[in-house]
Peer 1: 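Right, I'll just put the structure down here and ask away after.
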Amino acid sequence: MLKPGIMFRTLVRFMAVITAVTGLYASEAAAQSPTRSLPLIRAAELEGLLRLYTRPIFKAAGVNPKAVKVYIINDPRINAFVAGGQRIFVNTGLLLESDTPNETIGVLAHETGHIAGGHLARMGVEIESANYTAIIGMLLGLAAIAGGIAAGSTEAAQAGQGIMAGTKGLAQRNFLTYARGMEASADQAALKYLNATGQSAKGMIKLFDKLARENLVVLANADPYVMSHPMPMERISNLEQSAKKSPYYDAKDSPALMLRHDLAKAKIIGYSSGPQAVMQRYPASDQSMPARYARAIALFRKGDIRNALPIIDSLIAELPQNPYFWELKGEALLENGRAAEALAPVRKALELLPKNGLIQILAAQALIDTEKPANATEAVKLLRQAQRSEGDTPQTYMLLARAYAQTGDIARAELATAESALLRGDKKLALEKAKSAHARFKPGTPEWIRANDVLTFASRD
């Protein structure tokens, strides 16, 4: 039997443990990269399109476009979300299921509303508040249980258990009420941004309606108080009433933007689906530009470069200022071991998009694969430029290592290999190559310092 003094000290220790565990969990969660374990994909064309969609929305929201990163997740489900600060994650399914650019833009406007409203930061406060509510409930419940045991009262002990369960439910409901309010706030912000940029909210409503219809069975008997988003039909009704007041409600996407949207969808399907699925979606009878684009991608990916190239050339002839058609031709040739032939189209793509890091990397790879020292020197310059926009990626350092080796600069090749290995998590190789590079550079030089940094990080457990 617990005495009152012992019971109090036990509860204090319990509270300290709960607080410590909660704090540890928050720290661990904050330390995790928001992009870790996500099936992210990189594509200059898709990223360029999303920048085009978000730029005016960010401006209307007062958000610095350079401060927000947009990531693409290879996931067929319709979804987009904000996480890890000013980061928007977009599923490929959102683009694929959007019939028009306006539908995707509406969802991006909603996510921008979360960023501009500081919802993530405030969400953290609400989670902490919910945790404290639950903790207090646990403490009160434990106190009642302990008191009941001390008094020999089974009813009192059971009442303590009820307090714990009830408080947990209350904390959850309070948090979800806040979440629903936050979603409604982002909806209203989206309407404001779309109106400010002369765009319709019809697309956003259409996509929400599509999602609602897909989940009709699941939501039929749902309790609205245990949902993090407003009930779909109520949400759509409220949005539609407000949206119809805008003079831009019937505004349409331009034909040029529609084409870019359809080409982006074709690229996703061409790369993510098998040749048979692509041909079913885009049969030979469909001679539209997006259909030919998807078929060309499917053909070159299965190794049929002979039939892929004429289609790509027809696309280029029809729209020669599209850098992504040139990029595709260069990629198709490069992946089929024809690096020398790939140089001309990748240079053209680079001419049209000189600051695009992904195209700079592709051009560097083509130069390196020719295995000519003069081209390798040019590749080094391109890769250094690419690092400004792409940051530190293993592929960039791997290519740098190859380029330096071709020019005879073994010290820098070793250093680049070490940096690439460290980024991939191969600490053994990183240590080996960093030691070699460290010994080759003059102490105090930037390269020597970088090699020393790799040694330091690679040596950590």
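Owing to the predicted nature of the structure, the values given are computational and were not obtained by experimental measurement.
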Peer 1: Please check this pair: side chain of Ser314 against backbone of Ile311, looking for a donor-acceptor N/O pair closer than 3.5 Å.
Peer 2: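 Yes; at least one donor-acceptor contact below 3.5 Å.
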
Peer 1: As a quick check of understanding, evaluate side-chain contact (heavy atoms from CB on, under 4.5 Å) for Val68 and Val63, giving each step before the final call.
Peer 2: CA-CA 8 Å; Val68 182; Val63 173; 3.4 Å; yes

Peer 1: With the side chain counted from C-beta on, respond yes when Tyr324 and Arg260 share a heavy-atom pair under 4.5 Å apart, and no when they do not.
Peer 2: yes

Peer 1: Taking salt bridge (charged side-chain N to carboxylate O under 4.0 Å, His left out) as the test, write out the residues that go with Asp253, two or more places apart.
Peer 2: none

Peer 1: May I ask you to test the Lys265-Asp262 pair for a side-chain heavy-atom distance under 4.5 Å?
Peer 2: yes

Peer 1: With sequence neighbours excluded, tell me which residues meet ring-ring contact (aromatic ring centres under 6.0 Å, His included) with Phe81.
Peer 2: Phe89

Peer 1: Taking only residues two or more places apart in sequence, or in another chain, which ones meet Gln406 in a side chain to side chain donor-acceptor pair (under 3.5 Å)?
Peer 2: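 Gln406 satisfies side chain to side chain donor-acceptor pair (under 3.5 Å) with no residue once adjacent residues are dropped.
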
Peer 1: If the condition is side chain to side chain contact (heavy atoms under 4.5 Å, CB included), which residues does Ala451 pass it with, not counting sequence neighbours?
Peer 2: Leu415, Ala437, His438

Peer 1: Taking all non-hydrogen atoms of both residues into account, name the closest pair between Ala251 and Ser200 and its distance.
Peer 2: O-CB, 3.8 Å

Peer 1: Return the set of residues passing side chain to side chain contact (heavy atoms under 4.5 Å, CB included) with Lys372 (not counting sequence neighbours), or none when no residue passes.
Peer 2: Thr370, Asn375

Peer 1: Once rounded to the nearest 0.5 Å, what's the spacing between atom NZ of Lys59 and atom OH of Tyr193?
Peer 2: 15.0 Å

Peer 1: Roughly how far apart are Thr92 OG1 and Glu97 CD, rounded to 0.5 Å?
Peer 2: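 With rounding to 0.5 Å, OG1 (Thr92) is 10.0 Å from CD (Glu97).
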
Peer 1: Under the side chain to side chain donor-acceptor pair (under 3.5 Å) rule, collect the residues that match up with Arg51, sequence neighbours excluded.
Peer 2: none

Peer 1: Sequence neighbours excluded, which residues qualify as side chain to side chain donor-acceptor pair (under 3.5 Å) partners of Glu335?
Peer 2: none

Peer 1: Does Ser246 reach the main-chain N or O of Ser242 with its side chain, forming a donor-acceptor pair under 3.5 Å?
Peer 2: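 No.
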
Peer 1: Is Gln287 atom CD crowded by more than 12 heavy atoms from other residues, nucleotides or ligands, each under 6.0 Å away?
Peer 2: yes

Peer 1: Using side chain to side chain contact (heavy atoms under 4.5 Å, CB included) as the criterion, point out the one residue from Gln395, Arg42, Gln360 that pairs with Glu390.
Peer 2: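 Among the candidates, only Arg42 passes.
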
Peer 1: Flag the pair Glu447 / Arg450 as yes when at least one side-chain heavy-atom distance between them is below 4.5 Å, and no otherwise.
Peer 2: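 Side chain of Glu447 against side chain of Arg450, heavy atoms only: contact under 4.5 Å found.
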
Peer 1: Is a donor on one side and an acceptor on the other found under 3.5 Å between the side chain of Trp326 and the backbone of Pro320?
Peer 2: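 Judged by distance alone, yes, a pair lies under 3.5 Å.
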
Peer 1: Between Lys435 (side chain only) and Leu455 (backbone N and O only), is there a donor and an acceptor less than 3.5 Å apart?
Peer 2: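 Answer holds: no.
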
Peer 1: Tell me the closest heavy-atom pair linking Thr197 and Pro56, and the distance in Å.
Peer 2: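 Heavy-atom minimum between the residues: CG2-O, 3.4 Å.
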
Peer 1: Counting only pairs under 3.5 Å, give me each side-chain donor-acceptor contact of residues 295-306, with atom names and distances, residues two or more places apart or in other chains.
Peer 2:
{"residue": "Arg295", "atom": "NH1", "partner": "Tyr282", "partner atom": "O", "Å": "3.2"}
{"residue": "Arg295", "atom": "NH1", "partner": "Pro283", "partner atom": "O", "Å": "2.7"}
{"residue": "Arg295", "atom": "NH1", "partner": "Asp286", "partner atom": "O", "Å": "2.9"}
{"residue": "Arg295", "atom": "NH2", "partner": "Asp286", "partner atom": "O", "Å": "3.0"}
{"residue": "Arg301", "atom": "NH1", "partner": "Tyr271", "partner atom": "O", "Å": "3.1"}
{"residue": "Arg301", "atom": "NH2", "partner": "Tyr271", "partner atom": "O", "Å": "3.4"}
{"residue": "Asp304", "atom": "OD1", "partner": "Asn307", "partner atom": "N", "Å": "3.3"}
{"residue": "Asp304", "atom": "OD1", "partner": "Asn307", "partner atom": "ND2", "Å": "3.1"}
{"residue": "Asp304", "atom": "OD2", "partner": "Asn307", "partner atom": "ND2", "Å": "2.8"}

Peer 1: Could you check whether atom CZ of Arg384 has more than 12 heavy atoms from other residues, nucleotides or ligands sitting under 6.0 Å from it?
Peer 2: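 Atom CZ in Arg384 is crowded, with more than 12 foreign heavy atoms closer than 6.0 Å.
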
Peer 1: Check whether any side-chain N or O of Thr417 sits under 3.5 Å from a backbone N or O of Ala413 as a donor-acceptor pair, and report yes or no.
Peer 2: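 Yes: the side chain of Thr417 pairs with the backbone of Ala413.
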
Peer 1: My understanding is that only residues two or more places apart in sequence, or in another chain, count here; which of them pass side chain to side chain contact (heavy atoms under 4.5 Å, CB included) with Leu319?
Peer 2: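 Partners of Leu319 under the side chain to side chain contact (heavy atoms under 4.5 Å, CB included) test: Leu259, Met289, Asn322, Phe325.
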
Peer 1: With side-chain contact (heavy atoms from CB on, under 4.5 Å) as the criterion, how do Val70 and Glu111 come out once you've worked through the C-alpha distance, each side chain's angles and the decisive distance to 0.1 Å?
Peer 2: CA-CA 11 Å; Val70 180; Glu111 300 306 328; over 6 Å; no

Peer 1: Side chain of Thr407, backbone of Pro373: donor and acceptor closer than 3.5 Å?
Peer 2: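 The answer is no, because no donor-acceptor pair under 3.5 Å joins these two groups.
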
Peer 1: Taking all heavy atoms of Met258 and all of Pro101, pick out the closest pair and write down the distance.
Peer 2: SD-CD, 3.2 Å

Peer 1: Does either side chain, that of Ser273 or that of Arg281, offer a donor lying less than 3.5 Å from an acceptor on the other one?
Peer 2: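 Side chains of Ser273 and Arg281: no pair found under 3.5 Å.
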
Peer 1: Distance check, rounded to the nearest 0.5 Å: Ser436 atom OG versus Leu431 atom CG?
Peer 2: 12.5 Å

Peer 1: What closest approach, in Å, do Thr393 and Thr396 show between heavy atoms, and which atom pair accounts for it?
Peer 2: OG1-OG1, 2.6 Å

Peer 1: Identify the heavy atoms of Gly203 and Asn102 that sit nearest to each other, and give their distance.
Peer 2: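 Smallest interatomic distance, heavy atoms only, reads N-OD1, 2.7 Å.
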
Peer 1: Please evaluate residues Leu358 and Glu47 with respect to the criterion side-chain contact (heavy atoms from CB on, under 4.5 Å), reporting the C-alpha separation (whole Å), side-chain torsions for both, the decisive distance (0.1 Å), and the verdict.
Peer 2: CA-CA 10 Å; Leu358 293 177; Glu47 292 175 3; 3.7 Å; yes

Peer 1: Could you tell me which residues satisfy side chain to side chain contact (heavy atoms under 4.5 Å, CB included) with Pro76, sequence neighbours excluded, listed by chain and number?
Peer 2: none

Peer 1: For the pair Trp448 and Lys442, evaluate side-chain contact (heavy atoms from CB on, under 4.5 Å) and give the outcome as yes or no after the intermediate values.
Peer 2: CA-CA 6 Å; Trp448 183 89; Lys442 183 179 179 181; over 6 Å; no

Peer 1: Please check: side-chain N/O of Asn74 versus main-chain N/O of Pro39, any donor-acceptor pairing under 3.5 Å?
Peer 2: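 Side chain of Asn74 to backbone of Pro39: no pair is present.
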
Peer 1: Does some side-chain heavy atom of Leu194 sit less than 4.5 Å from a side-chain heavy atom of Tyr248?
Peer 2: no

Peer 1: Taking the side chain as every heavy atom from C-beta outward, state whether Asp313 and Lys329 have any pair of such atoms under 4.5 Å apart.
Peer 2: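 Yes, at least one pair of side-chain atoms sits under 4.5 Å.
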
Peer 1: Less than 4.0 Å between a side-chain N and a carboxylate O, is that true for Lys348 and Glu351?
Peer 2: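 Yes, Glu351 and Lys348 are salt-bridged.
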
Peer 1: Spell out, as yes or no, whether a donor-acceptor pair under 3.5 Å connects the side chain of Lys427 to the backbone of Arg460.
Peer 2: yes

Peer 1: Calculate, to the nearest 0.5 Å, the distance between atoms CG and CZ belonging to Leu429 and Arg424 respectively.
Peer 2: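 So the CG of Leu429 and the CZ of Arg424 are separated by 6.5 Å.
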
Peer 1: Sequence neighbours excluded, which residues qualify as salt bridge (charged side-chain N to carboxylate O under 4.0 Å, His left out) partners of Arg338?
Peer 2: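 Partners of Arg338 by the salt bridge (charged side-chain N to carboxylate O under 4.0 Å, His left out) criterion, ordered by chain and then number, come out as Glu341.
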
Peer 1: Find out whether Ile268 and Ile41 are in side-chain contact, i.e. whether some heavy atom of one side chain is under 4.5 Å from a heavy atom of the other.
Peer 2: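 With C-beta onward as the side chain, the pair stays apart.
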
Peer 1: If you measure from CZ on Phe441 to CD1 on Ile449, what distance do you get to the nearest 0.5 Å?
Peer 2: 12.0 Å

Peer 1: Taking all non-hydrogen atoms of both residues into account, name the closest pair between Ile78 and Gly93 and its distance.
Peer 2: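 That would be CG1-O, 4.0 Å.
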
Peer 1: Taking side chain to side chain donor-acceptor pair (under 3.5 Å) as the test, write out the residues that go with Glu432, two or more places apart.
Peer 2: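 Not a single residue meets the side chain to side chain donor-acceptor pair (under 3.5 Å) criterion with Glu432.
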
Peer 1: Could you tell me if the side chain of Leu367 sits less than 4.5 Å from the side chain of Leu343, heavy atoms only?
Peer 2: yes

Peer 1: Between Lys210 and Asp99, is any pair of side-chain heavy atoms under 4.5 Å apart?
Peer 2: yes

Peer 1: Rounded to the nearest 0.5 Å, what separates atom CD in Glu371 from atom CZ in Arg402?
Peer 2: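 Reported value, rounded in 0.5 Å steps: 7.0 Å.
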
